[in-house]
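To start, the structure under review is shown below, and the notes come after it.
Heavy-atom basis, side chains included; hydrogens, waters and symmetry copies ignored. Just follow the structure's listing: the first ligand is 1, and inside any ligand the first atom is 1.
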Amino acid sequence: MKGLSLILGSILLLGCAGFTSSYLNLYMDSIETFRLLGITAELYYVRNGIINNYALSFNLPIPADVEDIYFTWQNLKESPAMFYRMGFTVSNPRAMNQPSANISKDGQVPNNLSVFQVSFPCSGKMSAEVDVTLQMNISIFSASNLTVLDFKRRKMCLKAGVWAKDLPSSKHVMGNFSQQDQHFQDASRTDSLTTSTHIFYIAVGCACALILLIALAVAVYYLNSQKSADRYSKRMNYYDSSSSQALTAQSQTFLRPDTPNNATGAGLPNFRRGISAIAELKPTDVKAILNEIAIERKRLSLGEILLEGTFGKIYHGVLVGEDGNEISTEQEVFIKTISDQAKTDQVQLFMTESSQLKGLVHPNINPVIGSCLEDESQPMCIYQYSNEGNLKKFLQKCRMSECGSHYSLSTQQLVYMEIQIIRGIQYLHRKKIIHKDIATRNCVVDSDLVVKIMDNSLSRDLFPADYNCLGDNENRPIKWLSIEALQEKRFSPASDVWAFGVTMWELMTMGQQPYADVDSFEMASYLQEGYRIAQPINCPDELFAVMACCWAMSPDERPKFSQLLGCLQDFYTALGRYI
Ligand SMILES: *[C@@H]1O[C@H](CO)[C@@H](O)[C@H](O)[C@H]1NC(C)=O
Ligand SMILES: *[C@@H]1O[C@H](CO)[C@@H](O)[C@H](O)[C@H]1NC(C)=O
Ligand SMILES: *[C@@H]1O[C@H](CO)[C@@H](O)[C@H](O)[C@H]1NC(C)=O
Ligand SMILES: *[C@@H]1O[C@H](CO)[C@@H](O)[C@H](O)[C@H]1NC(C)=O
Ligand SMILES: *[C@@H]1O[C@H](CO)[C@@H](O)[C@H](O)[C@H]1NC(C)=O
C-alpha cells in the first residue's frame, strides 16, 4: 500500500497549482473513460479549479477505430467569467488532418454542464502513431492572466485499406512502414478499421505504459473518491509532510508494493544460471517417491467420474482414516488414475508428472497427497478435493451460464483468481520449480473461488485439443509456450510468465482456446512476426496490457511475477472501490 499512498501524495502535491479563485471542472465522464481506458470512473483534469497534473501528463492512447473523443466541462460560478482559446499541435500532419472541435476556437467556458467533441481525423495516407496535443488556454479577467492546459493524446492512424489486424509487428510500428504499406495495398480490404484489438506490437515502453495505465487507474479512483473539499484539505496536510521525493520514486515504488508475497525477485539470479526443474526421474525413483505416500486401496472409494480421456480418469472419491474411524476422518479427494489399456510409458509418464509437486505446501498449490500402486498397471494418485473441480471446465460452464446463478464471475473475481495463481507460481519458483505447463486446465477451483495449481499429469489425455505434436512425437502445450520454449525448449521463470499471460486470457474469455485459428505448426512464425492473441471482449485495457507484456519476445522484457502481483493487486483494489 505504500506505493499507492506515494502516488496519491504526489497527485495532491501537484494538485495545488491552479485556478485558486475559480471553479472550473473539466473531465472525461465515466462512459468516455470506460471507452478509452476500460475504467468506469470520471477522470478529472481540473476539479474545482484544481489541476490534476498527473492526469494531464498521461499521453492517452486512442485506438485506430476511435475518431472522436469527448470532454465535459463547466464553470461552476457565473462570475468571474472564464474565457478559453484552444489550439492543436499534430506530430505527423501527413498521417492526420487538422483536428477539430465542435465548439468555437475561443469563447466563454459554459456555466451549464456541457460536452464538447474533439475529432482526430486520420488522413489514411499512411499508418503511424500520431501525438496530438490539445492546448486550452484559460483566462480569468484578462488575456495576460492565463493558465495553459495541454491534453496529450496518441492516436493510432492506419493507412486506408489496412486492417488493424494486419498491422506489422513492433519494429515496423515504431519505425518504417513503407515496405509494409505496399504489402497491404490490397484493394479488396477497404471496409473497416474496427478490428484494432487484433493488433499486438511490443512497444518499447511496454512496462512503462503498464505502469502509467495502472497509475492512472489509481489516480482516477482517488479523484473519484474525493467527495468534499475539506476532506481534500485534511489529506493535503497529511501528504504535505511527505517530501517531493515521492514524485521521483513513484514509478519504481509502484511496482514494488511492500507485500510479503513478492520474494521471487531475490531468487531470480539463481534461476538464470541454471534452471533445474524436476530432472527426468528414473522409474524406480518415481515409485519410491510415490511409495512414501502410499495409501491402502481399501481406504479409497471411487465415486463419480469427473473427467475422462482415452485412458486417464479423474474420480471424485473418499479417503477414510487409517484407524477405520470413518466418521471423524473421512476426506473428499480427487483420484487420478489410468486404465490398464495404457502403455507402460504412459503409466510411467503419469507417475512422473504426478509426483512433480509432491511435498509442497501452499494454499494455491494442490500437490499429490497419496498414492496407491497396489495394481502396478493402474496406479492411482490422490489429491485434495476442490468442489468446483477443473478451472477450465468451470469457466466454460460459467460462460454457458451453467455454473449456477451464485457465480457472477465479475472482472474483480477473475482478477482475484489470477492473483492466487501468481502466488502459487511464486511459491513454486521459490522452491526452484518451473511449472512449464501453467494453464487453467491444470488448476482447480472451489465455491469460494480459491484456485489451486496442480501438476499436469493426464492433461494431455483429458484436454487433447490443448496439446500438439510438431513432428517430433512430443506432445506439448504449443499455444501456451513462450517463443524460446517453443523453439529451443528453454524454460525459465519468464516462460511461466508467458504461460500465465495466456492463462489470464483464458480466464478473461471464460475458457476459450487461445489462437484457435492458428495452426500449431505455424505458431513459431506467427509469434515471430509479432502477432499475439486478441484482446477479449469485456477485458479492460489494463488487464490486456498486463497479459500483452507477458508475451514480450525477449524473456528479459517480460514482467516479473512480483510486478504482476503488484499490478493486479492494485487493479483488484481499484475495481473494488468503484463497484
Ligand atoms: C496559449 O498560451 C501560450 C503562452 O502564452 C501561447 O504560447 C500559446 O500559443 C497559447 N495557445 C493558444 C491555443 O492560444
Ligand atoms: C447553457 O448555456 C447557454 C449559454 O450560456 C444557453 O444558451 C443554453 O440554453 C444553456 N443550456 C441549458 C440546457 O441550460
Ligand atoms: C458537441 O458534441 C457533443 C456530442 O455529440 C454534444 O453533446 C454537444 O452538444 C456538442 N456541442 C456543441 C456546442 O455543438
Ligand atoms: C489574475 O486576475 C486576478 C483577479 O484580478 C488577480 O487577483 C491575479 O493577481 C491575476 N494574476 C495574474 C498572474 O495576473
Ligand atoms: C524504409 O524502408 C525503405 C524501403 O525498404 C528504405 O528505402 C528506407 O531507407 C527506410 N527508411 C528508414 C528510415 O529506415
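- Under a 4.0 Å criterion applied to the non-hydrogen atoms of Arg85, ligand 1 contributes the atoms 12 (C), 14 (O).
- Ring orientation note: the planes of Tyr416 and Tyr572 are tilted relative to one another, at an angle of 30° to 60°.
- Close contacts of ligand 1 with Met86, meaning ligand atoms under 4.0 Å from a residue heavy atom, involve 13 (C).
- Without hydrogens or angle criteria, Asp448 side chain to Val450 main chain gives no donor-acceptor distance under 3.5 Å.
- Checking side-chain atoms of Ser104 against main-chain N and O of Gly107 turns up no donor-acceptor pair under 3.5 Å.
- A donor-acceptor pair under 3.5 Å is absent between the side-chain atoms of Ser119 and the main chain of Pro121, judged by distance alone.
- Close approach to Asn137 involves these atoms of ligand 1, each under 4.0 Å from a residue heavy atom: 1 (C), 2 (O), 3 (C), 8 (C), 10 (C), 11 (N), 12 (C), 14 (O).
- Annotation: salt bridge (charged side-chain N to carboxylate O under 4.0 Å, His left out) contacts of Arg399 (sequence neighbours excluded): none.
- Residues Gln535 and Asp541 bring a donor and an acceptor atom of their side chains to less than 3.5 Å of each other.
- Qualifying salt bridge (charged side-chain N to carboxylate O under 4.0 Å, His left out) partners for Asp150, counting only residues two or more places apart in sequence or in other chains: none.
- The contact set between ligand 1 and Gln135, taken as ligand atoms under 4.0 Å from a residue heavy atom, comprises 1 (C), 8 (C), 10 (C), 11 (N), 12 (C), 13 (C).
- Closer than 4.0 angstrom to ligand 3 by heavy atom are Tyr70, Asn102, Ile103, Val115, Gln117, sorted by chain and number.
- Proximity to Gly87 (heavy-atom distance under 4.0 Å) selects the following atoms of ligand 1: 13 (C).
- In this view, Arg441 and Asp437, Asp466 satisfy the salt bridge (charged side-chain N to carboxylate O under 4.0 Å, His left out) rule, not counting sequence neighbours.
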